[in-house]
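The analysis underlying the following values was restricted to heavy atoms, covering all of them including side chains, and did not include hydrogens, waters or symmetry mates.
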Protein chains: 2
Amino acid sequence: MTNPTTTRDPDLTRLRIMDAATDLFVAHGFSSVTMSQLAKAAGVTKSLIHHHFGSKEKLWEAVKEHAFEQYFRAQMEMLQEAGEPDAALLRESVVAYFHYLQANPSAVRLFAWTHLEGDTSCGDMDAQLMGAGAEWVRQAQKRGLLRADVNPAHLVATFVMTCTQWFEARCHHQHWPGMGDDEAFLDDFLKIFMEGVVPRD
Amino acid sequence: MTNPTTTRDPDLTRLRIMDAATDLFVAHGFSSVTMSQLAKAAGVTKSLIHHHFGSKEKLWEAVKEHAFEQYFRAQMEMLQEAGEPDAALLRESVVAYFHYLQANPSAVRLFAWTHLEGDTSCGDMDAQLMGAGAEWVRQAQKRGLLRADVNPAHLVATFVMTCTQWFEARCHHQHWPGMGDDEAFLDDFLKIFMEGVVPRD
DNA sequence: ATGCTAACTGGTCGGCCGGTCAATTATTTT
DNA sequence: AAAATAATTGACCGGCCGACCAGTTAGCAT
């Protein structure tokens, strides 16, 4: 039988390092986090991190790749669960995306760091996702359920970027006068966005 | 008379350091830039940077403050030049803001770095700016020129954040399939946004 | 049981980090 | 002209950085 109090568990160790690294990198970015901090946070020695990941840079890559995969999978699921495209479903998609980002603040910050680094390693997955989203919109346009005079990619980008920026720059605009909470903003954004994407009678 | 080829010019030196520091910080962020890099880029010694700015952190603060001031002044001018609020002028404001960011990519990146750092030092200026923008919208709403059922701050935030994110994450979404260039996106965004903010007949 | 592989540790290293300081040179003040 | 002030330099510092390595130990295949 397997020993539950086994002294060594490389998979768990890797996981613990990844988790600690994710927290630290998300909070402070790659370059201002040191191996000593990482080791201390993960409860292991610096050498062990090198043993499992090779270098600080490779650990960072692993953290990013893992986060992208999670994001990609979640978004693909949401897209595939969506049925026949129409305006109501688009609205639901925006709400779902907004709430996904709300529930995964570390993903938002990780994306922001990678944007600034100019990292495009997530390009393929992201392009695939956006392509699917745009195609979804294009079908709704063909059926006359969404206005057809806007580039589908731009339509998707508009709501994706607004949701992203809302959480990315939260520390900034949460102090702006008159700003409401997450739900209040989402409501108002949807009022504007949905009115702007449905066809005029 | 003043000697044009004078060997010492502390103001120019400060400026050269600030310029070099702005470039480097904007490109790589605060913590991954070293004093040696800064000194080399500015054509001065490390010690001289310390002499003029005290520390790396204080130089960073100076760079940010300067950028914020420039941004603040430019936006305030744009706001004050704007006349009686109505939908057409809102459209022009969005276009002007978009083009300002397009022409000042380093400002965009600097904001992004500070967002991630959680820096709120520009809070006062920014709140003032947003307050003025929201007030501008509120007046248009009172006159029935913009729909009144959305929080003015949210309306302004919507287009500000979209423009910001467009340039902030450019390296990311410029590879998305079907995406047009800056002007094409702006056009489509305005189609959606303007349709969403004008009152229904 | 015994050897092999891989997980894991502690110690250590060269290098570069941000920062300091005394000395020198240019500019301004008196 | 001389004294005071400020700009600028180069040499130098302690400390920590990421990385490495020799050695130890646990798990596993045979």
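Applying the 4.0 Å criterion to OP1 and OP2 of D:dC17, one finds that A:S36 has a side-chain N or O inside that range. Between A:H52 and the phosphate of C:dC8, there is a side-chain N or O to OP1/OP2 separation shorter than 4.0 Å. Considering only side-chain N and O atoms, B:S47 lies nowhere under 4.0 angstrom from the phosphate OP1 or OP2 of D:dT8. Listed pair A:H51 / D:dC20 fails the phosphate criterion, with no side-chain N or O lying under 4.0 Å from OP1 or OP2.
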Would A:I192 and A:D188 count as a side chain to side chain contact (heavy atoms under 4.5 Å, CB included) if you check the C-alpha gap in whole Å, the side-chain angles of each, and the deciding distance to 0.1 Å?
-> CA-CA 6 Å; A:I192 297 171; A:D188 278 347; 5.6 Å; no
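The NE2 atom of B:H50 sits 8 Å away from the P atom of C:dG18 (whole-angstrom rounding). To the nearest angstrom, P of D:dA19 lies 10 Å from CG of A:L59. Following rounding to the nearest Å, B:I49 (CD1) and C:dT20 (P) show an atom-to-atom distance of 14 Å. One can place CG of B:D9 at 16 Å from P of D:dA6, the figure rounded to the nearest angstrom. The distance from atom CD of B:E57 to atom P of C:dC17 is 16 Å, rounded to the nearest whole Å. C:dA7 atom P lies 13 Å from atom CG of A:L12, rounded to whole Å. At whole-Å resolution of the value, CG in A:L15 and P in C:dA7 are 15 Å apart. Look at CZ on A:F53: it is 16 Å from P on D:dG18, rounded to the nearest Å.
Between A:L129 and A:L79, the shortest heavy-atom contact is O-CD1, 3.9 Å.
Taking 3.5 Å as the limit, the base of C:dG19 and the side chain of B:K46 contain a donor-acceptor pair of atoms between them.
Side-chain proximity of B:T7 to D:dG18, C:dG18, C:dT27: nearest is C:dT27. Taking only side-chain atoms of A:M35, from C-beta outward, the nucleotide of C:dA7, D:dT9, D:dG18 with the closest atom is D:dG18. Which of D:dG18, C:dC8, D:dT9 sits closest to the side chain of A:T34 comes down to D:dG18. In this structure, of C:dG19, C:dC8, C:dT27, it is C:dT27 that holds the atom nearest to the side chain of B:R8. Set against C:dG18, D:dT8, D:dA19, the side chain of B:L48 has D:dT8 as its closest nucleotide.
The existence of a salt bridge linking A:E61 and A:K58 is excluded, since no basic side-chain nitrogen approaches an acidic carboxylate oxygen closer than 4.0 Å. A salt bridge does not link B:K64 with B:E69: every distance from a Lys NZ or Arg NE/NH1/NH2 to an Asp or Glu carboxylate oxygen is 4.0 Å or more.
A side-chain donor from one of B:D182 and B:W166 sits under 3.5 Å from a side-chain acceptor of the other.
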